[in-house]
Amino acid sequence: MSDFEAILKAYEASGGDPSFLRSPQVASLVVSGNKVLGANEISGISMDAEQLPDGVRVHVKVASGVHIELPVHLCFGMIPAEGVQRILSTFEMGEGASAEFLAHCTFPNAVRVQHIMESTIRVGPGARMRYTEAHYHGPEGGVEVLPKAKIVVEERGEYTSEFNLSKGRAGRVDFDYEVDVAAYGVAELLARVIGRGDDEITIRETVRLNGEGARGLAKSRIALRDQAHGRVFSTTEGNAPFSRGHVDCVEIIRDRAVAEAVPVVRVRDDRAQVTHEAAIGTVNRKELETLMSRGLDEEMAVDIIVRGMLGG
Amino acid sequence: MGSRNTDEPPLLQVIDLHLKREGRSILQGVNLTIDRQQVHAVLGLNGSGKSTLAYTLMGCTGYIPHRGRILFEERDITGLSISERGRLGITLAWQEPARFEGLSVARYLSLGMKEPDLERIRAALAAVALDESYMDRVVDGSLSGGERKRLELAAVYAMRPKLAILDEPDSGIDILSLGDIAALIQRMVEEGASVLLISHREEFVTIADVASLICEGQIVRTGDPGKVSRHYAHCCRPCDHHEIVETGKEYDERL
Ligand SMILES: Nc1ncnc2c1ncn2[C@@H]1O[C@H](COP(=O)(O)OP(=O)(O)OP(=O)(O)O)[C@@H](O)[C@H]1O
Ligand SMILES: [Mg+2]
C-alpha cells in the first residue's frame with residue numbers, strides 16, 4: 001500500500017470521506033509524516049507547503065473577498081508507531097474572505113508519536129474562518145498532541161474553531177489557543193476531549209476582547225474516566241467597551257479521574273461584561289435519571305449523555 | 001377506558017408510603033391503587049407532595065421510602081432501581097424536563113423503545129402537535145419550555161409504557177393545546193397504558209376515571225373525578241384539611 005493509500009485509509013477510519021481528498025473541486029492538503037502527498041489548490045486559495053526535517057511548513061491564504069464554497073480538507077497523519085510530526089502553519093484570510101477548514105489528524109498505530117502544531121492565524125476585516133480539527137488516535141494512548149495557535153481577528157472578522165478528540169486514546173494533550181479580537185469581531189473556541197487510562201489533558205484558552213463590541217466564547221467539554229487527568233485554564237479579558245465574553249466549561253469524571261478548571265475573568269472597562277460557568281463532577285443526576293426512567297441502565301445512560309456533550 | 005375490571009389485580013398498589021427528605025416527612029402514608037388502562041388523577045396544591053410521590057414511584061435517588069410498599073403487577077418493586085422499574089414499563093414525564101446537550105429529538109424519543117422505530121417516532125411527534133422538522137433539533141436550551149414539555153410526553157408515549165406517570169403535563173402548555181394532551185393520554189390508554197396524571201388544574205381532571213386528592217403527603221380523598229375536583233376547588237383554597245381530619249366529616253355534605 002502506498003503512503004497515500006495508507007493515510008487515506010486512516011483518514012476514513014477517523015470519520016473523513018476520502019473522496020473529498022481526490023476531488024478536484026475541493027481544496028485539500030495531505031501530509032504524512034514530513035511528506036506532502038497531495039495538494040489541491042482551487043481558485044482563490046493558495047496552499048504552499050515546504051518539507052521540514054520533522055514535518056512541514058504550510059502557508060494557506062484565501063484572497064480578499066473570496067468565498068470558498070466547499071470546506072477545505074486538511075489531512076495530517078503518521079502511519080509509523082513512533083516519530084515526530086511538526087506542522088508549522090499560517091492561515092491568512094483576506095478582507096471579507098470566508099472559508100471553512102476541516103482538519104483530520106490520524107495516528108492509528110501510535111505508540112510514541114509527537115504531533116506538534118504551531119499556527120498563526122489572521123482573520124482579516126469582515127472575514128470569516130471556521131476551523132474544525134478531529135483527531136483519531138490508536139488504542140495505545142502513545143500520542144502527544146501539542147496544538148498551539150495565535151489568532152488575530154480583525155474588525156468585524158469571525159473566527160470559530162472546534163477541536164475534537166474523542167476517538168481512540170487521547171494520550172497527552174496540551175492545547176493552547178490565544179485569540180485577540182478587534183472591534184465587533186467574534187471568536188468562538190470549542191474543545192471536546194475524552195480521556196481514559198492515564199491520559200493527561202490540558203486545555204488553555206485565552207480570549208482577549210480588545211475592540212469595542214468584540215465577542216468571545218471559550219467552551220470546553222471534557223469527559224474523563226479511569227485515572228485520566230484534565231485541566232482547563234481559560235482566560236477571558238473584556239478590554240473594551242461593550243465587549244462580551246463567556247466561558248463555559250463542563251468536565252465529567254468517573255472512576256478515579258481528576259478534573260480541574262481555572263477560569264480567569266478580567267475586565268478593564270466598566271461597560272464590558274464577561275461571565276463564566278464551570279460544572280465539574282459526575283453526570284447531571286436529572287439527565288441520568290430521565291434516561292434511566294426510560295429503561296436504560298446507568299452505564300448506557302452515562303454513555304449517551306457524555307457522547308451527546310462530546311459530539312460523538 | 002376506565003371501567004374497572006374487578007377480576008384483574010390492580011396494576012399498581014401503593015401501600016402506606018412514608019418518605020422523608022432531609023429529615024422532613026413529605027409523604028405521610030400514601031395509599032393509592034391504579035387499575036389497568038385507567039387514568040388516575042392526583043390533585044393537590046403546590047407543595048402537597050405530588051412530585052415527591054412521582055419520584056418515589058419511579059425510584060429516584062434519595063426517594064427511598066422508610067415505610068410502606070409499592071406493588072407493580074403484584075410484585076414488590078420498592079427496592080428496585082429506576083432502570084429496573086423503567087424496564088418493567090413504568091416511566092415518568094418530568095414536571096421540568098431535563099436538557100441534553102447534543103442529543104437529537106429523534107434519538108431522545110427512541111431511547112425507551114425496544115427497537116428503533118421511525119414510524120413510532122413520527123407518530124409520537126405528531127401526537128404532541130410537533131412537525132417532523134423537530135427530529136433533528138437538539139433537546140437542549142434551544143427548545144422552548146413548552147416544546148420540551150411536549151417532547152417529554154412524546155418520549156413517554158413512544159416507549160409504550162404500562163404505567164405513565166405524568167407530572168403536570170399541562171404546565172407550560174398553552175390552553176389551546178390542552179386538548180392535544182388529553183387526546184394523547186386517551187391514546188396511551190387505548191394502547192394499554194395506565195396513567196397517573198398529576199395536576200392541580202381541576203378542568204384537566206375531567207379526563208380521568210378516578211381522582212385522588214393529596215394534601216400534606218396524604219391522600220385525603222379518592223373517587224369520582226368530578227366530585228374530588230369540586231371538593232378541591234371549594235375546600236382546598238383556603239385549606240380545611242385539618243378540620244376535616246379532626247371532625248371526620250364527609251366532604252360532599254358541605255358542597
Ligand atoms: N429535598 C427536600 N428537602 C426538604 N423538603 C423538600 C425537599 N424536596 C421537596 N421538599 C418539600 O416537600 C414538599 C412537597 O414537594 P413536591 O415537590 O412534592 O410538591 P408538589 O405537590 O409537586 O408541588 P408543585 O405543585 O409546586 O409541583 C414541599 O413542601 C417541598 O418544599
Ligand atoms: Mg410538583
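Order of the sequence lines sets the chain letters (A, B, ...), proteins ahead of strands, with each chain counted from 1. What you are looking at is a predicted structure, and each value in this text was computed from that prediction instead of being measured.
When the shell of 6.0 Å around CD of Gln227(A) is examined, it contains more than 12 heavy atoms from other residues, nucleotides or ligands. No more than 12 heavy-atom neighbours from other residues, nucleotides or ligands sit within 6.0 angstrom of CZ on Arg215(A). Heavy-atom neighbours of Glu96(B) CD from other residues, nucleotides or ligands within 6.0 Å: at or below the threshold of 12. Arg128(A) CZ: 12 or fewer foreign heavy atoms inside a 6.0 Å radius.
Summarising the geometry, atom CG belonging to Asn284(A) is positioned 8.0 Å from atom CZ belonging to Phe100(B); distances are rounded to the nearest 0.5 Å. Considering CD of Glu152(B) and OG1 of Thr290(A), their distance stands at 6.0 Å, rounded to 0.5 Å.
Residues of residues 52-68 of chain B lying within less than 4.5 angstrom of chain A, judged on heavy atoms, are Met58(B), Cys60(B), Thr61(B) in numerical order. For residues 74-89 of chain B, heavy-atom neighbours of chain A at less than 4.5 Å comprise Ile82(B), Ser83(B), Gly86(B), Arg87(B), sorted by residue number. Among residues 110-143 of chain B, the residues having any heavy atom closer than 4.5 Å to a heavy atom of chain A are, in sequence order, Leu111(B), Gly112(B).
Of the atoms belonging to Arg107(B), it is side-chain heavy atoms, and not backbone ones, that fall under 4.5 Å from chain A. For a residue to count as touching a neighbouring chain, one of its non-hydrogen atoms must lie under 4.5 Å from one of that chain's; by this rule Ile90(B) touches chain A with the backbone only.
Taking Leu288(A), Val250(A), Leu291(A) one by one and counting their heavy-atom pairs under 4.5 Å with chain B, the maximum is reached by Leu291(A).
With sequence neighbours left out, Lys167(A) forms a side chain to side chain donor-acceptor pair (under 3.5 Å) with no residue at all.
Leu92(B) has its side chain out of reach of Glu289(A): every pair of non-hydrogen atoms, C-beta onward, lies at least 4.5 Å apart.
Closest of all the heavy-atom pairs between Trp94(B) and Lys286(A) is CE3-CE, 3.9 Å.
At distances below 3.5 Å, not a single donor-acceptor pair connects side-chain atoms of Ser293(A) with backbone N or O atoms of Thr91(B).
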